[in-house]
**Q** 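There's a structure below that I have some questions on.
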Amino acid sequence: METEKIKKMIANYAINYILNNDYIGIGSGSTINFLIDELKKISYSIKGAVASSRATAKKLYKNGINVIELNQVYHLPLYIDSADEINENGIMIKGGKGALTREKIIASVSEKIICIAEESKLVKYLGNTCPLPIEVIPMASSSISRKLIKLGGNPNLRLKNGKPFITDNFCFIVDVTGLKIINPIYLEKTINQIPGVVTVGLFAIRKADICLLGLRNNVKKLL
Ligand code: 5RP
């Protein structure tokens with residue numbers, strides 16, 4: 001309940017960063033669902049949104065926000081999303097809800113990335129409170145897992161109701177724990193180069209430019 005209150009508070013605060021923008025990128029997850037509720041109130045001030053998941057697109061439509069495809073715009077001035085973890089440099093672990101690939105694509109074309117997250121997601125060492133998600137081509141999940149073990153990780157195929165979790169891109173997710181994320185940019189590049197990897201949920205090459213951290217009673221700007 002407390003966490004929900006904090007998520008709502010940050011979402012409400014983040015709206016100040018959206019006013020008078022044109023098209024914006026919108027992430028996925030429960031924090032972003034609160035943001036979309038807020039967005040509804042100022043939908044007149046944006047041209048529309050690019051959604052990072054089918055779930056986000058559905059909620060945006062439902063709230064009367066114009067949803068466009070990424071292919072319809074050249075670039076985006078702003079992308080707002082949450083994260084599973086963020087460090088003080090703005091490097092994030094994302095993909096807890098499985099939308100990491102589309103999130104990373106939108107992040108890559110956005111001028112500014114704002115991460116909104118409750119304080120508990122701010123970590124000193126990435127990967128200590130949540131696994132690192134990796135979206136993979138289904139036929140490669142085992143070969144990729146063997147390579148991740150060689151890198152020192154413990155990979156687990158993400159399941160839903162006893163069956164592999166299927167992403168919006170019809171791929172699987174391998175969640176890996178135990179990797180030492182000492183050089184995040186190097187690790188992001190290394191994992192992305194394994195054949196069959198679609199995207200790793202490490203956002204180090206393109207990290208958050210601004211982080212709005214939700215404390216108990218107020219919001220702190222971290223970056
Ligand atoms: C989705 C994500 C989310 O931003 C992350 O999982 C945080 O979710 P929530 O806002 O529900 O705590 O990366 O792929």
**Q** To the nearest 0.5 angstrom, please state how far the CD atom of E103 sits from the CD1 atom of I113.
**A** 10.5 Å

**Q** To check you understand the geometry: which heavy-atom pair defines the closest contact between I65 and A49, and what is its length?
**A** CG2-CB, 4.2 Å

**Q** Given 3.5 Å as the limit, does a donor-acceptor pair link the side chain of K150 with the main chain of G152, or not?
**A**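 No.
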
**Q** Checking the side chain of N89 only, and the main-chain atoms of I91 only, is there a donor and an acceptor separated by less than 3.5 Å?
**A**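 Not at all, since once roles are kept as given, no pair shorter than 3.5 Å links the two residues.
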
**Q** If every non-hydrogen atom of P133 is compared with every non-hydrogen atom of I93, which pair is closest and at what distance?
**A**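 Where P133 meets I93 most closely, the heavy atoms are CD-CG2, 3.8 Å.
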
**Q** From L100 CG over to L132 CG, what is the distance, rounded to the nearest 0.5 angstrom?
**A** 9.0 Å

**Q** So does R216 pair up with E2, basic N to acidic O under 4.0 Å?
**A**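 Counted as a salt bridge, because a side-chain N and a carboxylate O are separated by less than 4.0 Å.
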
**Q** Side-chain heavy atoms under 4.5 angstrom apart, residues restricted to Ile, Leu, Val, Met, Phe, Trp, Tyr: same cluster for Y13 and L213?
**A**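 Cluster IDs for Y13 and L213 differ.
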
**Q** Any donor-acceptor pair under 3.5 Å linking the side chain of N12 with the backbone of M9?
**A** no

**Q** Do K104 and E188 pass the salt bridge (charged side-chain N to carboxylate O under 4.0 Å, His left out) test, and can you show the C-alpha distance, the side-chain angles, and the key distance before you say yes or no?
**A** CA-CA 12 Å; K104 200 174 267 195; E188 182 176 352; 2.7 Å; yes

**Q** Please step through side-chain contact (heavy atoms from CB on, under 4.5 Å) for the pair I46 and D22, ending with a clear verdict.
**A** CA-CA 5 Å; I46 56 162; D22 49 21; over 6 Å; no

**Q** Which heavy atom in I191 sits nearest to a heavy atom in L179, and how many Å separate them?
**A**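 Closest heavy-atom pair between I191 and L179: CD1-CD1, 4.0 Å.
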
**Q** Counting only N and O atoms by type, is there a donor-acceptor contact under 3.5 Å from the side chain of E111 to the main-chain atoms of L76?
**A**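 Side chain of E111 to backbone of L76: no pair is present.
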
**Q** Report the distance from atom CD1 of I116 to atom OG1 of T31, rounding to the nearest 0.5 Å.
**A** 6.0 Å

**Q** Closer than 3.5 angstrom, by distance alone: can the side chain of T56 be matched with the main-chain N or O of S53 as a donor-acceptor pair?
**A** no

**Q** Do V109 and I68 belong to the same hydrophobic cluster, where Ile, Leu, Val, Met, Phe, Trp and Tyr are linked whenever their side-chain heavy atoms lie under 4.5 Å apart, directly or via other members?
**A** yes

**Q** Could you pull out the closest heavy-atom pair between I134 and V176, with the gap in Å?
**A**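 Between these two residues, the closest heavy atoms are CD1-CG1, 3.7 Å.
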
**Q** Compare every heavy atom of A107 with every heavy atom of F203, then report the nearest pair and how far apart it is.
**A**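 Here F203 and A107 meet closest at CE2-CB, 4.2 Å.
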
**Q** Side-chain contact test, heavy atoms from C-beta onward, threshold under 4.5 Å: evaluate it for F172 versus L157 and give yes or no.
**A**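 Answer yes - side chains close enough.
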
**Q** What do the steps show when you test L39 against I26 for side-chain contact (heavy atoms from CB on, under 4.5 Å), and what is the final call?
**A** CA-CA 10 Å; L39 208 53; I26 299 287; 3.9 Å; yes

**Q** May I ask you to decide if I105's main-chain N or O and R206's side chain share a donor-acceptor pair within less than 3.5 Å?
**A** no

**Q** Look at the side chain of D84 and the backbone N and O of G95, then say whether any donor-acceptor pair between them is shorter than 3.5 Å.
**A**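 Yes, because the side chain of D84 sits within donor-acceptor range (under 3.5 Å) of the backbone of G95.
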
**Q** When hydrophobic residues are tied together by side-chain contacts of less than 4.5 Å, even through go-betweens, does I6 share a cluster with I114?
**A** yes

**Q** Determine whether a donor-acceptor pair (N or O, by modelled atom type, separation under 3.5 Å) exists between the side chain of N192 and the backbone of V200.
**A**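 Yes, because the side chain of N192 sits within donor-acceptor range (under 3.5 Å) of the backbone of V200.
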
**Q** What distance separates I86 CD1 from L223 CG, expressed to the nearest 0.5 Å?
**A** 6.0 Å

**Q** Report the distance from atom NZ of K5 to atom CG of N217, rounding to the nearest 0.5 Å.
**A** 6.0 Å

**Q** Would you say the side chain of N183 lies within less than 4.5 Å of the side chain of L187, judging by non-hydrogen atoms?
**A**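 A side-chain contact is absent here, since even the closest heavy-atom pair is not under 4.5 Å.
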
**Q** Would I24 and I80 count as a side-chain contact (heavy atoms from CB on, under 4.5 Å) if you check the C-alpha gap in whole Å, the side-chain angles of each, and the deciding distance to 0.1 Å?
**A** CA-CA 8 Å; I24 53 171; I80 301 197; 5.8 Å; no

**Q** Excluding sequence neighbours, so at least two apart, what forms side chain to side chain contact (heavy atoms under 4.5 Å, CB included) with T3?
**A** K7, E118

**Q** Output yes when K59 and D37 qualify as a salt bridge under the 4.0 Å nitrogen-oxygen rule, no when they do not.
**A** yes

**Q** Do any N or O atoms from the side chain of K94 and from the backbone of S82 form a donor-acceptor pair under 3.5 angstrom?
**A**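 Looks like yes, one N/O pair under 3.5 Å.
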
**Q** Given N63 and Y61, is the side chain to side chain donor-acceptor pair (under 3.5 Å) satisfied, shown in steps?
**A** CA-CA 5 Å; N63 281 277; Y61 275 127; over 6 Å; no

**Q** Which residue pairs pass the side chain to side chain donor-acceptor pair (under 3.5 Å) test with at least one member in residues 166-176, sequence neighbours excluded?
**A** R102-N169, E135-T167, E135-N169, R158-D175

**Q** How long is the straight-line distance from SG of C115 back to CD1 of I210, given to the nearest 0.5 Å?
**A**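 Atom-to-atom, I210:CD1 and C115:SG are 11.0 Å apart.
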
**Q** Take I173 and I166, measure what side-chain contact (heavy atoms from CB on, under 4.5 Å) needs, and give me the verdict at the end.
**A** CA-CA 7 Å; I173 299 272; I166 307 288; over 6 Å; no

**Q** If hydrophobic residues (ILVMFWY) are linked whenever their side-chain heavy atoms come closer than 4.5 Å, directly or via other members, who joins M139 in its cluster?
**A**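 Listed partners: I137, V198.
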
**Q** Would you say S52's side chain and G27's backbone share a donor-acceptor pair under 3.5 angstrom?
**A** yes

**Q** Find out if a path of hydrophobic residues (ILVMFWY) with successive side-chain heavy-atom gaps under 4.5 Å connects L202 to L148.
**A**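 Same hydrophobic cluster.
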
**Q** Above 12 or not: heavy atoms from other molecules or residues under 6.0 Å from CD of E69?
**A** no

**Q** For atom NZ of K121, is the number of surrounding heavy atoms from other residues, nucleotides or ligands below 6.0 Å larger than 12?
**A** yes

**Q** Identify whether Y23 and L70 are in the same connected component of the hydrophobic contact network (ILVMFWY, side-chain heavy atoms under 4.5 Å).
**A** yes

**Q** If I compare all heavy atoms of F165 with all of G98, which pair ends up nearest, and what's the gap?
**A**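 Residues F165 and G98, closest heavy atoms: CE2-CA, 4.1 Å.
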
